[in-house]
Amino acid sequence: MKRILLVVLLLPNAAFAQDGATVRRMFEAGQYQQVIESAEGEASPDALYAAAQSHQKLGATAEARETYGRLAARPETDAWHFVGLSGRQLLDDQTDAALGSARRAAAMAANLSDVHYQLGLVLAKRQDWGGAAEAFDRAAELNPGHAYAHYYGGLMHYRAGRPDRMAIHFEQFLKLAPEAPERPEVLQIMRTVRGR
């Protein structure tokens, strides 16, 4: 009887952990360790991507590189291969290569929010604020519930001198990710901009 109960308790958690939207919500709430644990074993590409970013948030660069490597191990016919490759290249400060990989992913899967999100991260690292803002805008357009596309979109519009666009993204970020660790920073930027 105990064994059956244990199996019943574990099965919903296994299915729960594999759901990409659920994993993203955990990431948005700053539950990085739970995101990493959810990507153990056979995880979906979006769960692996969130796990790699969670490792980065925790300062575990080697583990992030390894997790991006799991994505990069996918076939070259899969856009996630290039997202993983770009993530790993970005970690290694190979921004030209990371940009090429992210652009290739975006060309292969133009309707996948995460490829534009990765492109935005690379362009932000290259300090191309306008280009990064466009990439995050596209990621948010494809997936309006992607809180961090709004967060980084807001930051990039702020740096590109577009506080009107920044405010739209930040307001959406605050609605989507009320528990995000970046919430105080976003509120401070909004107060500063509105106080002008």
Side-chain angles (χ1 to χ4, degrees), residues 15-32 34-35 38-39 43-54 56-57 68 71 78-80 82-84 86-87 90 99 101-125 128-194:
F16 179 80
Q18 297 301 323
D19 176 59
T22 301
V23 172
R24 177 169 284 134
R25 281 191 298 276
M26 289 188 302
F27 180 82
E28 292 165 354
Q31 299 171 347
Y32 306 127
Q34 291 91 327
V35 171
S38 75
S44 64
D46 52 347
L48 283 173
Y49 188 51
Q53 293 172 348
S54 292
Q56 284 183 264
K57 292 274 190 183
Y68 282 127
L71 281 172
D78 184 341
W80 284 106
F82 294 101
V83 170
S86 176
L90 195 57
L99 181 60
S101 295
R103 284 190 171 146
R104 190 152 176 201
M108 291 176 73
N111 292 324
L112 181 61
S113 174
D114 285 324
V115 299
H116 298 284
Y117 181 80
Q118 179 62 30
L119 179 59
L121 292 175
V122 175
L123 291 168
K125 176 82 171 193
D128 178 352
W129 312 132
E134 286 178 25
F136 290 122
D137 283 350
R138 182 67 177 138
E141 177 185 322
L142 290 169
N143 182 357
H146 192 312
Y148 277 90
H150 290 288
Y151 170 71
Y152 286 114
L155 284 178
M156 296 307 106
H157 281 294
Y158 178 66
R159 290 182 177 157
R162 293 289 313 268
D164 55 327
R165 298 294 306 272
M166 175 215 72
I168 293 167
H169 278 295
F170 278 173
E171 287 169 4
Q172 193 61 25
F173 171 73
L174 293 171
K175 287 178 192 171
L176 292 169
E179 299 174 29
E182 294 84 359
R183 183 178 181 81
E185 170 197 6
V186 168
L187 290 170
Q188 181 60 43
I189 293 171
M190 296 279 280
R191 277 192 294 272
T192 302
V193 169
R194 288 179 177 154

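Residue numbers start at 1 and run along the sequence shown.
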Nearest 0.5 Å, please: how far is [atom2] in [Y] from [atom1] in [X]?
X: F170; Y: K175; atom1: CZ; atom2: NZ; result: 15.0 Å
X: M108; Y: D78; atom1: CE; atom2: CG; result: 6.5 Å
X: E28; Y: R183; atom1: CD; atom2: CZ; result: 13.0 Å
X: M166; Y: F173; atom1: CE; atom2: CZ; result: 13.0 Å
X: D164; Y: Y158; atom1: CG; atom2: OH; result: 13.5 Å

Side chains of [X] and [Y]: closer than 4.5 Å at any heavy-atom pair?
X: L121; Y: F136; answer: yes
X: E185; Y: L155; answer: yes
X: D114; Y: V83; answer: no
X: L90; Y: Q118; answer: yes
X: W129; Y: R162; answer: no
X: D46; Y: V23; answer: no

Do E141 and R138 meet the salt-bridge criterion of a basic N to acidic O distance under 4.0 Å?
->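 Counted as a salt bridge, because a side-chain N and a carboxylate O are separated by less than 4.0 Å.
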
Not counting sequence neighbours, which residues clear side chain to side chain contact (heavy atoms under 4.5 Å, CB included) with L99? List them please.
->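 Expected list: R103, L119, V122, L123, R126.
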
Just say parallel, tilted or perpendicular for the rings of H146 and Y117, cut-offs at 30° and 60°.
->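 The rings of H146 and Y117 sit tilted, inter-plane angle from 30° to 60°.
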
Residue list, side-chain hydrogen bond (donor to acceptor under 3.5 Å, both in side chains) with E182, at least two apart or on another chain |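 For E182 the side-chain hydrogen bond (donor to acceptor under 3.5 Å, both in side chains) partners, ignoring immediate neighbours, are K57, Y148.
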
Would you confirm whether S86, through its side chain, and F82, through its main-chain N or O, come within 3.5 Å as a donor-acceptor pair?
->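 Not a single qualifying donor-acceptor pair exists.
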
Give a yes or no answer on whether the side chain of H116 reaches the backbone of A110 with a donor-acceptor pair at less than 3.5 Å.
->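 Yes; judged by distance alone, with no hydrogens or angles, the pair exists.
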
Quick one: list whatever passes ring-ring contact (aromatic ring centres under 6.0 Å, His included) with H169, sequence neighbours left out.
->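 By the ring-ring contact (aromatic ring centres under 6.0 Å, His included) rule, H169 matches H150, H157.
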
Are T22 and R25 close enough, and set up right, to give a side chain to side chain donor-acceptor pair (under 3.5 Å), and what steps lead you there?
-> CA-CA 5 Å; T22 301; R25 281 191 298 276; 3.2 Å; yes

Heavy-atom pair with the smallest gap, counting every atom of A51 and A39 =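 Between these two residues, the closest heavy atoms are CB-CB, 3.5 Å.
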
What's the shortest heavy-atom distance between L71 and G84, and which atoms?
->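 Closest approach of L71 to G84: CB-CA, 3.6 Å.
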
